[in-house]
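Worksheet for the structure shown next.
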Amino acid sequence: MANLVYKRVSTDQQSTARQNLVLDEAGIEDPVVFEEDPGTSSRLHPLQRPKFRALLDYARPGDTVHISEMFRLVRGTGHILDVLHRDRLALRIHDGAFSAMDLTARHPRTGELLSTVKFMVQTLAAAGELQRDLQRELTYDGLRAAEAKGSRGGRRPAVPADKTADVRAAYLEGRSIAALARDHGVSRGAIRTAVADLLPDHTAAQEDAPAPELPVALDMPGKVADFLRTAELDGIERAALDQGATVRRGQGYTLRVTAVPAVHHRLLARCQPLDGGPGIPAVPAQRKARREYENRVSALDR
């Protein structure tokens, strides 16, 4: 019986370092490794992924498939049950909620998955979905409470144009960046931007460099935001999403995301699966929401 190891990352900016650590700690004997090309989406059904298909062609009944976490292989309950039902393969998950479960248990005569395994898989998946929904509701309630008190979500504003001269004069008089940020209710980064050419490490070369991109606020449809919250994002993308301000629109909402244009383009690329693909039918409302966001992001280039 062979030990088959499966690895996957969603973008070419990510690495398998964490997966390697978890799997190395598991002490798997003589592993045969199958690693997807970077950028293989978790929304693509495992049976449609090239390396997992190669793993299935290689596997024999009784072999064990090892993965670090459930989401490396499957996204939802349907996916995991499809995999577990196939070819009597055993599946071992070495980290996360499913690592505590015996996903190899089958009826000794029929070889079918035990009903208790199916029940636990469905229960854990439902609990995870409930937790995400509750966190989302609490976030919305917190934003509404803050808005009722006059607070506003999102990034702190830049220095207003009519205050820039005062900020620069105060900085030249010796006022610190931290004190100026408190005085004007903005971030320290906003103050540094206002006095950039006055900072000690400013050079002539910096004056000749292209001006940095400025953050732009765009309204992201709620259906796009909900999808991206469950997607694998890098740190900058996640921060932009987390700092967005919720704006209620009838029964739904939009998320006002403030970020430089390059980050908006990256977030747009992340939600491409909402348009559907081979074997993955698109949901019309989600596809419409993605295209609305695409139109807004495309307008930044005009």
Which atom of [X] lies closest to which atom of [Y], heavy atoms considered:
{"X": "Ser68", "Y": "Ile93", "result": "O-CG2, 3.9 Å"}
{"X": "Thr258", "Y": "Pro215", "result": "CG2-CB, 3.8 Å"}
{"X": "His94", "Y": "His66", "result": "NE2-ND1, 2.9 Å"}
{"X": "Ala289", "Y": "Pro221", "result": "O-CG, 3.4 Å"}
{"X": "Val9", "Y": "Pro38", "result": "CG2-CA, 4.0 Å"}
{"X": "Phe52", "Y": "Pro46", "result": "CD2-O, 3.3 Å"}

Keeping [X] on the side-chain end and [Y] on the backbone end, is there a donor-acceptor pair under 3.5 Å?
{"X": "Asp166", "Y": "Lys163", "value": "no"}
{"X": "Arg168", "Y": "Ala194", "value": "yes"}
{"X": "Arg60", "Y": "Met1", "value": "no"}
{"X": "His45", "Y": "Leu47", "value": "yes"}
{"X": "His264", "Y": "Glu294", "value": "no"}
{"X": "Asn20", "Y": "Thr16", "value": "yes"}
{"X": "Arg8", "Y": "Thr40", "value": "yes"}
{"X": "Arg296", "Y": "Asp219", "value": "yes"}
{"X": "Ser187", "Y": "Ala190", "value": "yes"}
{"X": "Asn3", "Y": "Glu29", "value": "yes"}

Among the clusters formed by ILVMFWY side chains lying less than 4.5 Å apart, do [X] and [Y] turn up in the same one?
{"X": "Val22", "Y": "Val33", "answer": "no"}
{"X": "Leu55", "Y": "Ile28", "answer": "no"}
{"X": "Val65", "Y": "Leu23", "answer": "no"}
{"X": "Leu228", "Y": "Ile236", "answer": "yes"}
{"X": "Val263", "Y": "Tyr293", "answer": "yes"}

Lys51 and Asp37: CA distance, side-chain angles, deciding distance, salt bridge (Lys or Arg N to Asp or Glu O under 4.0 Å) verdict: CA-CA 8 Å; Lys51 293 300 182 181; Asp37 291 337; 5.6 Å; no
salt_bridge([X], [Y]) N-O dist < 4.0 Å:
{"X": "Arg290", "Y": "Asp275", "answer": "yes"}
{"X": "Arg175", "Y": "Asp183", "answer": "yes"}
{"X": "Asp226", "Y": "Lys223", "answer": "no"}

What's the spacing between [X] [atom1] and [Y] [atom2] if we round to 0.5 Å?
{"X": "Lys7", "Y": "Gln19", "atom1": "NZ", "atom2": "CD", "result": "7.0 Å"}
{"X": "Arg188", "Y": "Ile177", "atom1": "CZ", "atom2": "CD1", "result": "9.0 Å"}
{"X": "Cys271", "Y": "Arg287", "atom1": "SG", "atom2": "CZ", "result": "13.5 Å"}
{"X": "Ile191", "Y": "Ser176", "atom1": "CD1", "atom2": "OG", "result": "9.5 Å"}
{"X": "Thr254", "Y": "Met220", "atom1": "OG1", "atom2": "CE", "result": "10.0 Å"}
{"X": "Ser298", "Y": "His265", "atom1": "OG", "atom2": "NE2", "result": "6.5 Å"}

With a 4.5 Å cut-off on side-chain heavy atoms, are [Y] and [X] touching?
{"X": "Leu241", "Y": "Glu237", "result": "no"}
{"X": "Ser41", "Y": "Pro273", "result": "yes"}
{"X": "Val195", "Y": "Val167", "result": "yes"}

Check against side-chain contact (heavy atoms from CB on, under 4.5 Å), Val247 and Tyr253: CA-CA 6 Å; Val247 180; Tyr253 78 100; over 6 Å; no
Check: Tyr6/Glu36 side-chain N/O donor and acceptor closer than 3.5 Å: yes
Side-chain donor-acceptor pair present, Tyr58, Arg53, cut-off under 3.5 Å: no
side-chain contact (heavy atoms from CB on, under 4.5 Å) between Leu274 and Val224, worked out: CA-CA 8 Å; Leu274 293 179; Val224 173; 4.2 Å; yes
Single hit among Val297, Leu255, Leu268 for side chain to side chain contact (heavy atoms under 4.5 Å, CB included) with Leu218: Val297
